[in-house]
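A short write-up of the structure that comes next.
What you are looking at is a predicted structure, and each value in this text was computed from that prediction instead of being measured. Here is the naming used below: chain letters follow the sequence lines, and residue numbers restart at 1 for every chain.
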Amino acid sequence: MSFRGVTGLARVAWRNLWRNRRRTLIVLSSVVVGVFVLVLFDTLNLGMVEQMLDNQLRLHIGHVQIHRQGYHANPAVERFFRKAEALRQQVAAEPEVRAVAPRVLVHGLLSSAYNNGGVQLVGVAPEAESLVTFIADQIVAGRYLTGEGSEILIGERLARKLEVRLGDRVVAMAARPDGQIGSEVFRVVGLFRTVSADFDRTMAFIPIDRARAMLGLPPDAAHELAVLLDDARQADALKARLQAALPDTLEVLTYRDVVPLLVMQRDLYAEMMYLIYLIIGVALIFGIINAMLMAVLERLPEFGVLRAIGMSEGRLFLLVSLESLLLGLLGTAIGWALSLPVYAYLARHGLDLAVFSEALAAFGVGSVIYPRLTLRVVWNAWLIIPLVAWLGALYPAWRAIHVEPVEAMRAV
Amino acid sequence: MNPNAIVQAEQVTKIYDEGAVPVQALRGVSLTIEPGEFTVIAGPSGSGKTTLLNLLGALDVPTEGRVFFEGQDLSTLSRRERARLRLYKIGFVFQAYNLIPVLTALENVEFVLLLQGVPERERRRRALEVLEQLGIGELAHKRPHEMSGGQQQRVAVARAVVSRPRLVLADEPTANLDSATGARLLDLMEQLNREQGVTFVFSSHDPQVIERGRRLLWLHDGQIEREERR
Ligand SMILES: Nc1ncnc2c1ncn2[C@@H]1O[C@H](COP(=O)(O)OP(=O)(O)O)[C@@H](O)[C@H]1O
Ligand SMILES: [Mg+2]
């Protein structure tokens, strides 16, 4: 049928919708509430999982990492690159880059007078590191690194295991590229506590110069540049650009490459939203089926006339399902209109879930959640809800088209 | 077979077999409707008038016998094909429940053209034209509940003829009207028949209405008892 014909039918469907104002308003408000709840739920859920991932990335990973080629697959101490400072400046000049931190990394052993444990030693430039990660804000005792002297920052848990306190000495040992064992004495200047117990047990931060000295690396060497962006979504674009600009001896990775499991986890949480869609969709569809069925059954004689004057089954089906589809679209529009100001408010001020802050902290999320509106949310609401409304009309429409004109007109 | 016939029934019977006892509504009816007729099917209530009109209008199929519309055996058509035939070739006026309540008179008349896929502007023009012709142009923007029964039936006639069908079937079109209003409706149908050659077949059990037919088919107990021409 022509588009013209459809708009003509839509006009009839629209008027039919308002024949029983009360019934239509009841179903309409259920759709409105459904859409309102879905939009806020979906955007908050998305905001939360994004925040969760971002917090995990800002613990240590960053959004983009640069290493010597092959380091990610096999992080051996001899796979360092040179001219780290020049490279840092080059990367920092990219528009979407907020901060770049150079690191020297090595697995080693940390020993106190009482105990020892395997650690990841991270040689950092304190200033740059504090811009890329949260580490400087996680100090629970003592202070952050200054870059001067033999200072070391360890996790609270590691301190407990090693039975050391602030000011105590620890000895770090690690294999050097030249095959010898490098070792150095450090003084514990600070203890940190992050959301990750694992992190607090295994990470130890020292000034990058000390790390180079201990490992016998040249003064311009590093294993890693950790890059923080304004927005995690820019990572792929930056990676592509850097890969083209930098020599082949370097590898550029996004957080997707570095921690694919975290990304999968984020996606999984985001997908769980469809369960909510399912629940709300099912709740809505029964109301819609019920209302449409009533609307159809009380109009059977009228459908009989329509069939008699030659309306095809297809068009009658279209007419009835258009009524429901229009209801769904209208409800979605109103639900959106109502949810957007609330979204805007929450996007600005956040939703304070202080009551659940402990549970949220366990997920690596702060207690204030900011909703996040993406195209996906828009599509979800505008596709799923009208689709549900249309599905709810299928059975009633099927009843309508199976009317025998002769029977229907005799019936009343 | 009569090559002139619009519709032709041959020995049709109709048995309703849904209830406890089967009802034989038609018992071997044969008739031919030719272009230009103004024919009334007369008979008391229960004599089978509605059943017969439904068969002639491709709304139902006979138990036995055959109905030909423009030479085509209706029993060979699918439901969809019969709906299409009704849409393009037959106009209907029913006793009640005629108009779509949410549409104005004009839109009701247009609706048939909408189903036929006529563009909106032409639809509107033709529907208005018919309403004017039938002298009910002032009803164009009224909804059924704002009109009297007689006015509604006039709009129904307008809808039935707007697409210039081969045949208009009217099942007791005046049954719900007082006699003066009923007479005016018949005037209208007569006028269309005379001036535009619209073929009408209508049914009635009201002597005042029956006498208006130029051809009379008397139905009794599902059989044509008598035929008159005037
Ligand atoms: N669907 C049906 N089921 C059973 N009997 C029916 C049905 N339709 C009509 N009849 C019976 O068939 C006979 C003829 O009915 P109908 O054609 O409606 O007559 P009329 O229109 O002349 O009043 C009546 O006895 C009526 O009761
Ligand atoms: Mg009857």
Practice problem: Check whether B/Tyr88 gets within reach of chain A through its side chain, its backbone, both or neither, counting any heavy atom under 4.5 Å. | Solution: neither

Which one wins on heavy-atom pair count under 4.5 Å against chain A: [options]?
{"options": "B/Ile100, B/Leu87, B/Ile90", "value": "B/Leu87"}
{"options": "B/Pro101, B/Pro165, B/Gly57, B/Gly91", "value": "B/Pro101"}
{"options": "B/Val112, B/Thr51, B/Leu103", "value": "B/Leu103"}

In terms of heavy-atom pairs under 4.5 Å with chain B, which of [options] leads?
{"options": "A/Ser312, A/Gly310, A/Gly314", "value": "A/Gly310"}
{"options": "A/Arg19, A/Arg299, A/Glu404, A/Arg11", "value": "A/Arg19"}
{"options": "A/Ala308, A/Gly304, A/Pro405", "value": "A/Ala308"}

Quiz prompt | Residue A/Leu17 versus chain B: region with a heavy atom under 4.5 Å | solution = neither

Quiz item: Hey, is CH2 on A/Trp379 packed in by over 12 heavy atoms from elsewhere, all under 6.0 Å?
Solution: no

Exercise. Flag yes if more than 12 heavy atoms outside A/Met264 fall under 6.0 Å of its CE atom; otherwise flag no.
Key: no

Practice problem: May I ask you to test the B/Phe202-B/Thr174 pair for a side-chain heavy-atom distance under 4.5 Å? | Solution: no

Self-check item: Among A/Arg233, A/Arg376, A/Arg266, the one residue meeting salt bridge (charged side-chain N to carboxylate O under 4.0 Å, His left out) with A/Glu50
Solution: A/Arg266

Quiz item: Is the closest side-chain donor-acceptor distance between B/Asp73 and B/Ser75 under 3.5 Å?
Solution: yes

Self-check item: Salt bridge flag under 4.0 Å for residues B/Glu110 and B/Arg126
Solution: no

